Every structure is written in structure tokens, then in C-alpha cells.
Amino acid sequence: MKGHLIAVLFCVLATIGTTVTSCNGTASTGKTAKTPHAKKVLNSPAKFNRDSAYYYVRRQVAFGPRVSGTEQNRLCRDYIVRTLNRHGAKNVRVQTGEVKAFNGDKLPIGNIMASYGPDIKDRILLVAHYDTRPWCDSDINEENRLKPVLGANDGASGVGVILEIARQLKQNVPPVGVDLLIVDAEDYGQASGFSTHDSSWCLGTQNWIENMPYAADSLPRYAILFDMVGGIDAKFHREYYSDQRAKNIVDKVWSMAERSGYESRFVNKSGGAVVDDHLFLNDAGIPAIDIIESKNDATGTFPPTWHTVNDTMENIDPSSLEAAGQTVLNMIFNEIRCLE
């Protein structure tokens, strides 16, 4: 938390209408975001395009399953890099390495990094994974369980949202620096006994942390992870570990969702506890939260397409992509710069 605390010490409060917001992400009054006046003063120069995000999801899915170490994974990675360069991102690069999966598989990986406003000290990190699971091990049909997941939602949706945010950041200069991290080898973990095999998941993020491109006193102020944000009529509850480790950031995002008109999508109630990239980011000193569908109406947990052959474009909802993307865009453009 060192970088976060330093940012708070140097923060200069700013007044927006009647809402005073501090750099730690909490409003001076918990009710301000609910007032009509607060909605009127929302600064939203960037308008998230749901059709554009949907297109980015479809382009990834067209490569087929993007399992770590496969040619489809490499082709998708190259596409993401080209797209970020086209959208004016700076310092676009791929951090390569090798990780060992729980079953002994050695996986060559590539984590994609990019930035906007690289000279700004005060930074926010956006994260998603682009790989897909090698097995549909949650499919109801046993014959499908050894097939790879196509990953329209679990893989492509978060990246699609980030690529559309990147397109908007090229057109509209944000008040804070924004770093992007699109990781590999998130979904190669051991499914049986989640609670005892946490470290078998998010291998790309763990590798990135071992080679993290930040000094201990210059960490991003916070990170937002997008995972499974494209399901049909997706609703995003407050993920348990996010609330435990970075509650002020959860409060901030869910408040912004309400101000942005997405209160029905960002349900201000507890959801599931998810082993995901944000756990490892928090351990590394970056306060991180997970925007994820973790309490689906039909399943009580993840969407019904999760780790099945049905994780396809037919089950992607552009309005869900928009709810997640526009909320975070509004977060970015209503931020106060805490460090010069």
C-alpha cells in the first residue's frame, strides 16, 4: 500500500458541484452520488461505444480458443498489440516468460502492457485476461469437457472493454495516467478444491508481479479488473475479496455506476468470492477490485456459460459491455490528479 498512501498524502481535494472526492476514492458524504445534482455534474467527455466493444470481442473469438501456448493465443496477442498501437497507446510491449501449470505443463506466456499519459505520476491500472481455459470442465455434457473454451465472455469480454476504453483515451485526454495490463495464463488453474489451489490460477499476473515495471513507491493508485463482463443482462455484485481488500474502491465504482445510470447492473450487494487476478495485485501492494458477474440469477454464481462450450458470441450482450466500460470511463474522467 506504500504507493497508495503516498498518493493520498500529496492529494489536493477538488470540488465538483457539491461533491468533494478524495484520492482514496471515497466521497465526503455517502449520499452525494444519489442526488440529481450529482448526476448533472458528471463529467463524461468519452462515450463508450457498445458496438465497438462487441466488435473487439468478436475479433478475438474469431481466432478460436486462445489457450496459453497455442498459435491462436499468439495471433490474438498480436491483434491486441496492433489495436493498442492503432489507438495511440504508449509503451506498448509484451512481457514474455514461461510458467508451470498445476499439471506440469510448461506454458510460454505473453503479458501485454501499454499506457496513456506515461509522464503522469498519478496512475490507474486496468486489467483483463485474454487467454481461455483448455477444458470445458463445467459443461453438463461429459463429452464436451475435454474441449477448449471459446471464451467470448471468460476472456474476450474484458479485453473488448479495455480496447474500447483505449480507443476513447486516444480521443479524450484523461486527467490521470492510465496503464493497461492484458494478461495471459489466467485460466489454466486447478478447478477441484479452489480454496486450496488459488496459486494455480492467474499465472500470467503472478509472473508479471515478479517482474513488475513499477518501483515500490510508484505503484498505481488502484487497479480495476474486468472479467466476464459481457454476459446476457449481466449484473455485477460487490465481489467479496474486493470488498475485503479495497472497499473504498468498490464504493467508488459502484457509486459511479449509479451516477452513470447503471444502478441495475452494479448491484450494491455482496456477490461471490472469486479467485482472480486482483488477489495477487492486492498482495503486491496495488489496491485492486474485480468487476465480474459472480451471482448470476440462474446459477447463484458465475454465468451459465462459464467453462462450457456455450461461452460463445451468441451469449454476449453489448449492453453489459457498455455498463462496465462507461462506468469505468466515467471514473477515469472524474478523477482528481493526486500527484503531479
Side-chain angles (χ1 to χ4, degrees), residues 25 33 42 44 46-58 60-61 80 124-130 151-169 174 178-183 186 222-239 242-243 246 249-269 271-272 274 276-278 281 288-297 302-303 305-306 311 313 315-335:
L42 185 65
S44 303
K47 303 300 181 184
F48 189 93
N49 188 314
R50 64 170 71 180
D51 295 329
S52 176
Y54 184 86
Y55 169 80
Y56 295 134
V57 175
R58 182 164 58 83
Q60 294 171 80
V61 171
I80 294 169
I124 293 167
L125 177 65
L126 305 183
V127 186
H129 75 93
Y130 71 96
N153 193 22
D154 192 2
S157 68
V159 177
V161 167
I162 284 183
L163 291 179
E164 171 58 12
I165 288 175
R167 189 176 75 89
Q168 296 297 330
L169 295 180
V178 179
D179 292 331
L180 309 178
L181 173 61
I182 302 175
V183 296
E186 185 269 353
Y222 61 83
I224 297 175
L225 169 65
F226 298 98
D227 198 353
M228 290 192 284
V229 291
I232 301 297
D233 193 29
K235 294 180 175 61
F236 310 117
H237 290 71
R238 299 170 66 107
E239 189 273 329
S242 302
D243 250 348
I249 307 304
V250 178
D251 289 342
K252 187 173 183 177
V253 172
W254 264 247
S255 175
M256 181 57 71
E258 181 186 9
R259 294 173 64 191
S260 303
Y262 300 111
E263 183 177 5
S264 64
R265 296 303 192 103
F266 281 75
V267 180
N268 200 23
K269 297 179 180 178
V274 183
D276 213 340
D277 300 290
H278 67 306
L281 293 171
I289 71 165
D290 196 359
I291 299 177
I292 186 170
E293 187 178 5
S294 64
K295 199 172 183 180
N296 180 270
D297 291 340
F302 295 135
T305 60
W306 177 69
D311 191 358
M313 290 304 300
N315 290 306
I316 293 296
D317 184 348
S319 69
S320 299
L321 301 172
E322 178 190 311
Q326 187 65 64
T327 294
V328 173
L329 268 177
N330 289 350
M331 283 274 298
I332 292 169
F333 283 96
N334 285 271
E335 272 296 1

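Quick caveat, the model's predicted, so the values are computed rather than measured.
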Heavy-atom donor-acceptor pair, Trp254 side chain to Phe236 backbone, under 3.5 Å
yes

Would you compute the distance between atom CG of Asp251 and atom CG of Asp243 and round it to the nearest 0.5 angstrom?
7.0 Å

Side-chain contact test, heavy atoms from C-beta onward, threshold under 4.5 Å: evaluate it for Ile316 versus Leu321 and give yes or no.
yes

Donor-acceptor under 3.5 Å (Arg265 side chain, Ala234 main chain)
yes

Over all atoms of both residues, closest heavy-atom pair of Phe266 and Ala323:
CE1-O, 3.5 Å

CG on Leu125 to CG on Leu180, rounded to 0.5 Å:
8.0 Å

Could you walk me through whether Ile124 and Tyr222 satisfy the side chain to side chain contact (heavy atoms under 4.5 Å, CB included) test, starting with their C-alpha distance in whole Å, then the side-chain angles of each, then the deciding distance to 0.1 Å, before giving a yes or no?
CA-CA 6 Å; Ile124 293 167; Tyr222 61 83; 3.3 Å; yes

Is there a side-chain contact between Val57 and Met313 (heavy atoms, below 4.5 Å)?
yes

Spacing of Ile80 atom CD1 and Ile162 atom CD1 [to the nearest 0.5 Å]
9.0 Å

Going by the rule ring-ring contact (aromatic ring centres under 6.0 Å, His included), which residues pair with Tyr56 if we only count those two or more places apart in sequence or in a different chain?
His87

The salt bridge (charged side-chain N to carboxylate O under 4.0 Å, His left out) partners of Glu322 (sequence neighbours excluded) come to Arg50

Partners passing side-chain hydrogen bond (donor to acceptor under 3.5 Å, both in side chains) against Gln60 (at least two apart in sequence or in another chain)
none

Shortest non-hydrogen separation from Ser242 to His278 and the atoms involved:
OG-CD2, 3.5 Å

Applying side-chain hydrogen bond (donor to acceptor under 3.5 Å, both in side chains), name anything that partners Glu164, two or more places apart in sequence or on another chain.
Ser52, Arg167, Gln168

What pairs with Asn315 under side-chain hydrogen bond (donor to acceptor under 3.5 Å, both in side chains), at least two apart in sequence or on another chain?
none

Check step by step if side chain to side chain contact (heavy atoms under 4.5 Å, CB included) holds for Leu181 and Asp179.
CA-CA 7 Å; Leu181 173 61; Asp179 292 331; over 6 Å; no

I need the Leu163 CG to Tyr55 OH distance, nearest 0.5 Å.
11.0 Å

Pairing residues for Lys295 by the side-chain hydrogen bond (donor to acceptor under 3.5 Å, both in side chains) criterion, not counting sequence neighbours
none

Restricting to non-hydrogen atoms, name the atom on Gly231 and the atom on Asp317 that form the minimum distance, rounded to 0.1 Å.
O-CB, 3.3 Å

Heavy-atom closest contact (Val229 atom, Ser157 atom, distance)
N-OG, 3.2 Å

State, to 0.1 Å, how close His129 and Val159 come at their nearest heavy-atom pair, and which atoms those are.
O-CG2, 3.4 Å

Under a 4.5 Å cut-off applied to non-hydrogen side-chain atoms, are Lys269 and Lys235 in contact?
no

Tell me every residue that passes ring-ring contact (aromatic ring centres under 6.0 Å, His included) with Phe333, counting only those two or more places apart in sequence or in another chain.
none

Considering residues at least two apart in sequence or located in another chain, which fulfil the ring-ring contact (aromatic ring centres under 6.0 Å, His included) criterion with Phe48?
none

Rounded to the nearest 0.5 Å, how far apart are CD1 of Ile165 and CG of Leu329?
4.5 Å

Minimal heavy-atom distance between Ser320 and Asp233, with the atoms involved, is OG-N, 3.7 Å

In sequence, state the C-alpha distance, the side-chain angles, and the governing distance for Asn268 and Arg238, and then conclude on side chain to side chain contact (heavy atoms under 4.5 Å, CB included).
CA-CA 6 Å; Asn268 200 23; Arg238 299 170 66 107; 2.9 Å; yes

Might you work through the side chain to side chain contact (heavy atoms under 4.5 Å, CB included) test for Leu225 and Ile292, ending with a clear yes or no?
CA-CA 8 Å; Leu225 169 65; Ile292 186 170; over 6 Å; no

What residues form a side chain to side chain contact (heavy atoms under 4.5 Å, CB included) with Ser44, not counting sequence neighbours?
Leu42, Lys47, Asn330

Output the distance between atom CZ (Phe302) and atom CG (Asp311), rounded to the nearest 0.5 Å.
12.5 Å

